Amino acid sequence: MEPWVILAGYAFSLMKFQSYDSQRGQAGLGEEKMEHREQSFTSSAAKQLALYAFYTMVALAVIMYMLSIAAGRTGSTASGVAVDPDNNSITIALRQEPPQLDHVRATDSSSIIVLSHSMEGLIAYNDAGSLIPGMAERWEIREDGATFWIREEARWSDGVPVTAHDFVFSWRRAVDPATAAEYSFILYPIVNAEEINQGNLPPQTLGVRAVNDRVLEVDFNQPTPYFDKLVAFITYFPTREDFFNNTEGRYGADADMMLANGPYIVTEWTHSASMTWEKNPYYWNDEKGFLDTINVGYITEDVNAKLNLFKDGQISDTHLVAPMLGSAMEQRWQIDRSMDGTVFFLQLNFREDRITANKNFRKALQYAQDPVEFVYKALKEPSYLPAVSLFPYWIRGVDDSFRKEYPPPEHEFNVAKAREHLELARQELGIEEFPPLVILADDSPIGSISSEYYQATFTKNLGLEIRIDKQIFKQRLAKMTAGDFDIVVSGWGPDYDDALTFGDLFASWNLNNRGRYASEAMDEQIRIAQSELDPLRRMEAFAEIQRIVHEDVVMIPMYERGWSFVVDPRLKGFKRRAVGPEVDYNFAYIETGEE
Amino acid sequence: MTDIHVSDFRPLQRRSDVHGISRPSLSYWEDAWIRLKANKRAIVSLYLVVALLFFTLLGPLIWTVDPGLQDLDQISQPPGTDRSAEIVADYIAWDGVDPSAGSGARVIDVPTTQVVRLKWDSLPGANGHRVYRNLFPVGNEFAYGIPVGEYFDNAIDFHEDRLDLKPGRYFYSIVALAADGSVTQTYQTVEVDVVRVTTLSEAREQGLIQTDSDLQIGDSINLSAHPLGTDYLGRDMLSRLMAGAQVSLSIGIGAPLFFVFFGVVFGSVAGFIGGKVDQFMMRFADFVVALPFLLFMILFKIAFGIGPGESGIMPMLIALVLLMWPATARLVRGQILQIREQAYVQASQLLGAKTNYLIFRHMLPNTLGVVLVTLTFEIPKAIFVEAFLSFIGMGVAPPTPSWGSMSNEGIKTMLTTPHELIFPAVFISITVLAFNLLGDGLRDALDARMRNQE
């Protein structure tokens, strides 16, 4: 039985014991006397009970106080302080334990964070988020392929030079069906990559070769103007063959099963508890990696726990959620904000048996809701922006931001129009009443608010019956893939810094297009966006995609996620990124008072 | 010696008042009621239970607010908040034009809970501006508050804040951004007193005014009343608690009624027949005890084809009825076994009483006390189970509330708006306590062995 039942049972048994006593006390007494006796007994028993309760409370308070002192002591000795200028080290918290740290198979944000500190691709990001040379000192991207010249001082953390062969080995492994890398599709611009991944060709036929140790040649299927942005992604990082073979299939499973070529080395990894990253002495770039040690002292998803750790000076930074902002203002912290890069939207199911496959019905849904009200009134997160398009506001266009160059079609919140479209849909479908719709959502606080808000909105404005299906993240993905939904609250985050990372989401061949949207016009524009070399025509294709998404109601935008966060004022150069690692300590340094 | 007269040996005259009874005869129930009345705890609990039934059954007739209606003007409002509001026009987007052509950081129009419009002149050396909102003055720490807007572009010199505005004082700061986008210490602050407003269309939607009302923009009206405040989506707590009570109590009282009845039948049959049948039946009861409740609840949910977003109340009820009866059955069987051997039953049998008469006259009435007590103890248990399952999301489907699911929602904002957790939690606690104390009092009152102690 659950502990609370036992506790409650215990409390009641105490009371019962008391009442037995009171009964026994009555035996053999005159009525009046007995009544008096009972009253005095009850009151004294109550006093006794109150006293016990008081003692218990006091004892509990003392124990809790002692425990908090003890916890504080062990905490500070075990993991050090948030920012330690003497040892030039900081302590941070990760949200989740990385499942493993093989960059080819990694998909989750925690793994991306760790790998972005311990490894570096041919091209890297600078502190402002623009592309800079990484392992490659220069490169050339042509219509039919690309060449990368690897820098001489590029070294692995054991001192061995990084060569073009390491990239060839890594990329072959990424498309090898035996590796089963989820991100293998990101290499598809390379000749034969898709064929190899489907098992039709051997990995050796991949269109990449090492001309010599320092020159890497890549052949493209079709022109890929954004290839420089792709190679900054973790799947394109190098793997050294002899080291990989020595790990006997455990590559990336432990600290000693990894080889670094980035600013930091993962030197210790106590699974589910902590990690230590130390400065890589062989790393070439002296504009990255200023700290000697980064301790990942905590791995927790609990934002409240992280807030307390930050308050106690145990971790250097944490993000805040809306209910915490009041107390953060009281603490007089300097609150910062950043965009997370992810756009959230209601994805609709286009499979034929679904009501949402009807365009007028989708139009009705679109007109019946207002993301502005949702973000400002229901979510109340100051760093979130009401979404207006598939492309978030930070996506770059030709010269300026994409949003400025190609403003998205304006959304109109209009219940009357929504009802007209609903009526049209009813006639087209030839039904009297709409069957209940299922909104699939994550089992998280935001997921609950989102699904319940849209449930009430669609019920109020359209009179639809909406059912909510809350699932844990993995189960939601599984149900999305199976098409087991009408509407799903989902998000899409960028893999690389190019509009295409969002633009090809609704391609008929994209497996992440889980609503199975398929249209000729959309596919055509995506093909242009994938292979067009002229930036202007490419951006026009994205603008057309943006228009189709709105016009055809492929999805209903909800919000662009952001973060409100606080950082220890002594730590400078810390970044939260939209593309790349969510938190970036590569450029972080401790500001000492003397300077 | 006195003379003995023959008349002294006459029988006395028959008198009818010889066996006169000074007090009226008390039936079992009358006696129990008297003793229950003497137990203050039990009586208070009884009142509480009755009040709770009124709250559940009659409450929604009096307080007719829809528990699913979202009042987005009053989100997470604690009880007793001032609710007078001014009526303003519907929101129209602003293009950043300042009709008064003022200078410095300033507020355009009247700042309201609908929108606060800020305009500023570009700060010296700025590469863009960030707009912060604070509840406190900025002070020496440069604690600007929460960033509500960011423009990395000097051409934009206005911001509309519509984020969760509450009536009261805010300190807005316009902060200059450095070339790399970081925050500098150059800023201007403007103090803003926000007034609560609503729009005509919103007021109509909430049913605050009639469609033909002649209320004008600028008039003052009271927003809809929420005696116990609202939850995180602006839904009325009182009506949600009532709706939640219907779910919680229907499970809490319905399920025990069924399974206690079944337990009584099962237990009395086993106890009365005895022997091998009894052995067999009680081992079956043991087997049922060993079945895990949660697993069965999930299995029933699947077996019944309860899809996502549909209420899980039916499978919960069935799982409760099918799995929780053995406790009652054992208790009743024990009682029956005991009563069967009592002298008065044997006497009755010798006098030729039939089985039916024995069961209905002697057995069942004598177990009724035990049964009633079990029932009152099973009710809080069932309420707890319902609350627990709804808390973990296995029970009711949103937007239907139950006390458990309301607690689950309230716990997320426990520190900022505690009323969202406290009310459902208090209702669960009071209900469970009342039923337990009542059960306690009933057990004492119905115990026949204590009958003559007074």
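Numbered from 1 within each chain, the chains take letters A, B, ... in sequence-line order. Please read all numbers here as calculations on a predicted model, not as lab measurements.
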Quick one: what part of V321(A) sits under 4.5 Å from any heavy atom of chain B, side chain, backbone, both or neither? neither
Contact class of A128(A) relative to chain B, heavy atoms under 4.5 angstrom: neither
Would you say E412(A) has more than 12 foreign heavy atoms packed within less than 6.0 Å of its CD? yes
Is chain A contacted by the side chain of P137(B), its backbone, both, or neither, given a heavy-atom distance below 4.5 Å? backbone
Closest heavy-atom contact between Q70(B) and A456(A)? NE2-CB, 2.9 Å
Against chain B, label D336(A) side chain, backbone, both or neither, depending on which of its atoms sit under 4.5 Å from a heavy atom there. both
Less than 4.5 Å to any heavy atom of chain B: does that hold for the side chain of I449(A), its backbone, both, or neither? both
What's the separation between atom OH in Y132(B) and atom CD in Q334(A), rounded to the nearest 0.5 Å? 8.0 Å
Is any side-chain heavy atom of S76(B) closer than 4.5 Å to one of K380(A)? yes
Show the nearest heavy-atom pair for residues L325(A) and I146(B), with the distance to one decimal. CD2-CG2, 3.4 Å
Is it the side chain or the backbone of R130(B) that comes within 4.5 Å of chain A heavy atoms, both, or neither? side chain
Counting only heavy atoms not in E287(A), do more than 12 sit closer than 6.0 Å to its CD atom? no
Value for CG (L163(B)) from CD (E381(A)), rounded to nearest 0.5 Å, stands at 8.5 Å
Please flag which part of K572(A) lies under 4.5 Å from any non-hydrogen atom of chain B: side chain, backbone, both or neither. neither
Which pair of non-hydrogen atoms, one from Y376(A) and one from R162(B), has the smallest distance, and what is that distance? CB-O, 3.2 Å
Just so I understand: if I count every heavy-atom pair under 4.5 Å between each of Y144(B), F293(B), F142(B) and chain A, which residue has the most? F142(B)
What option among V138(B), V183(B), L165(B) has the most heavy-atom pairs under 4.5 Å with chain A? V138(B)
What distance separates N134(B) CG from E330(A) CD, expressed to the nearest 0.5 Å? 10.5 Å
Closest heavy-atom pair and its distance - P382(A), P147(B): CB-O, 3.6 Å
Which distance, rounded to the nearest 0.5 Å, do you find between the CD of E452(A) and the CD of E409(B)? 5.0 Å
Candidate pair K404(A) and D153(B), rule salt bridge (Lys or Arg N to Asp or Glu O under 4.0 Å), full reasoning: CA-CA 12 Å; K404(A) 256 192 199 166; D153(B) 181 354; 3.0 Å; yes
